[in-house]
S.K.: 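I have a structure here, written as structure tokens, and I will follow up with some questions on it.
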Protein chains: 2
Amino acid sequence: MDLLTQKNIRATTFRKEVLAVFLEHDYAISINTIEKSIGKHDRITLYRTIKTFIEKGILHEVLIPNEEKKLAMCQSECSSDGHQHDHIHFKCEACEEVYCKEVDRVPQLQLEGFKVKSIEINASGICEKCG
Amino acid sequence: MDLLTQKNIRATTFRKEVLAVFLEHDYAISINTIEKSIGKHDRITLYRTIKTFIEKGILHEVLIPNEEKKLAMCQSECSSDGHQHDHIHFKCEACEEVYCKEVDRVPQLQLEGFKVKSIEINASGICEKCG
DNA sequence: ATTTAAAACGCAACATTGTTGCAATTATTT
DNA sequence: AAATAATTGCAACAATGTTGCGTTTTAAAT
């Protein structure tokens, strides 16, 4: 049973094609990159596909200040009920790619007077391949 | 000596007006909010002003997945040479505002094989005012 | 296997967000 | 006060994202 059926959405040709692009990359990619990777395509359908994928917990947005919006695949724990990530985003200053890195324990945070429920981390530096 | 002169840019009427909007808020605001706050204005000039402010270390972008881009003021340590933030972004699920919160110590991160140089944190939960 | 109903697609048209070039204006320097 | 350099405002455009609607595809039901 493939990921799409598993997430309760129809496994159409187009969706499988888009998903394949993500599976080919181990880092976050932009909508532009997707558009270049799939052949003939409809921009509107792509936007709708991405929106659906985000809602269903297949993709998540990766936002780094002053950069183009990127997308990456979620872990299996994400669903329409919500995203649940035990990973951080790591931008390599050398190859410029943004990787999702699973971590054993996401650092916790204490804020006087604030009730912290979730935490999202974007780090940068030099990645494994470039280091 | 005002902030603009301090950062080596001309203290024009327009820039002072934009800066005033940020000083009125203790949370991150969208370009839309700025546009509504300043009276007569030119969209293009506003975009250029924001770009300059970011370059000069006066503002920084605050990006939360699936949300409108927001901007907030930097601490004094930021300059054209780079941004240096000892704070995190906190989105309140109740009032929906995003606050920049200074922290004593930004949590550190170990990543096998990766050289972590900087780290940026977006947390969410309930803020002081709503808690 | 065929029918049927729901979901997804593709097109057109549009809304929003952000950029570039250039002439006119404003702020600083001499 | 004049000269110089930075900033502004306009027009035009580029990029990004959305909505409505008729057609096609998918999955389920006969």
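Every chain is numbered from 1, with letters handed out A, B, ... down the list of sequences.
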S.K.: Counting only heavy atoms not in A:Gln110, do more than 12 fall under 6.0 Å of its CD?
M.R.: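 No, CD of A:Gln110 has 12 or fewer neighbouring heavy atoms, counting only those of other groups under 6.0 Å.
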S.K.: If you check every side-chain atom of B:Ile31, which of C:dG18, C:dA27, C:dA8 has the closest atom?
M.R.: C:dG18
S.K.: Report the distance from atom CD1 of A:Ile54 to atom C1' of D:dT18, rounded to the nearest whole Å.
M.R.: 14 Å
S.K.: Compare side-chain N and O positions of B:Thr13 against OP1 and OP2 of D:dT8 and report whether any pair is under 4.0 Å apart.
M.R.: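 No, no such contact exists.
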S.K.: Describe the nucleic acid contact of B:Thr12 in one word from base, sugar-phosphate, nothing, applying a heavy-atom distance below 4.0 Å.
M.R.: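 If one applies the 4.0 Å heavy-atom cut-off, B:Thr12 turns out to touch the sugar-phosphate alone, with no base involved.
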S.K.: Can you work out whether A:Phe14 or A:Ile44 has the more 5'-proximal nearest nucleotide on DNA chain C?
M.R.: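 So the residue in question is A:Phe14.
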S.K.: Without decimals, in angstroms, what is the distance between A:Glu17 CD and C:dA8 P?
M.R.: 17 Å
S.K.: Quick check for you: among C:dT19, C:dG10, C:dA8, whose closest atom lies nearest to any side-chain atom of A:Thr45?
M.R.: C:dG10
S.K.: Rounded to whole angstroms, how far apart are NZ on A:Lys51 and C1' on D:dT16?
M.R.: 13 Å
S.K.: Just N and O in the side chain of A:Lys69: are any of them under 4.0 Å from OP1 or OP2 of D:dG17?
M.R.: yes
S.K.: Is the shortest side-chain N to carboxylate O distance from B:Lys129 to B:Glu97 below 4.0 Å?
M.R.: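 Answer for the salt bridge query: no.
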S.K.: With sugar-phosphate meaning primed atoms plus P, OP1 and OP2, does A:Asn8 contact a base, only sugar-phosphate, or nothing at under 4.0 Å between heavy atoms?
M.R.: nothing
S.K.: In whole angstrom, give the distance that lies between atom CG of A:Leu19 and atom P of C:dA8.
M.R.: 15 Å
S.K.: Could you tell me whether the side chains of A:Thr33 and A:Ser30 share a donor-acceptor contact shorter than 3.5 Å?
M.R.: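 On atom types as modelled, these side chains qualify, holding a pair under 3.5 Å.
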S.K.: Counting only side-chain nitrogens and oxygens, does B:Asn32 get under 4.0 Å of the OP1 or OP2 atom of C:dT17?
M.R.: yes
S.K.: Over how many whole Å does the gap from A:Ile9 atom CD1 to C:dA7 atom C1' extend?
M.R.: 11 Å
S.K.: Could you tell me the separation between the NZ atom of A:Lys56 and the P atom of C:dA7, rounded to a whole number of Å?
M.R.: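 Atom-to-atom, A:Lys56 to C:dA7, this comes out as 10 Å.
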S.K.: Can you confirm whether more than 12 heavy atoms, excluding those of A:Lys101, are under 6.0 Å from its NZ atom?
M.R.: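 Yes, because the 6.0 Å sphere around NZ of A:Lys101 holds more than 12 heavy atoms from other groups.
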S.K.: Would the number of heavy atoms belonging to other residues, nucleotides or ligands and lying under 6.0 Å from CD of A:Gln75 be above 12?
M.R.: yes
S.K.: Scan A:Arg48 against the nucleic acid and name what it touches under 4.0 Å (heavy atoms): base, sugar-phosphate only, or nothing.
M.R.: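 Contact class for A:Arg48: base.
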S.K.: Would you say C:dT19 has OP1 or OP2 under 4.0 Å from some side-chain N or O of B:Tyr47?
M.R.: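 False: B:Tyr47 side-chain N/O out of range (4.0 Å or more) of C:dT19 OP1/OP2.
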S.K.: Rounding to an integer number of Å, can you tell me how far B:Asp42 CG sits from C:dT25 P?
M.R.: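 B:Asp42 atom CG is separated from C:dT25 atom P by 15 Å.
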S.K.: Using heavy-atom distances to pick each residue's nearest nucleotide on DNA chain D, tell me which of B:Arg43 and B:Arg15 is more 5'.
M.R.: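 By nearest-heavy-atom nucleotide position, the 5'-most residue is B:Arg15.
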S.K.: Could you state the CD-P distance from A:Glu35 to D:dG17, rounded to the nearest angstrom?
M.R.: 10 Å
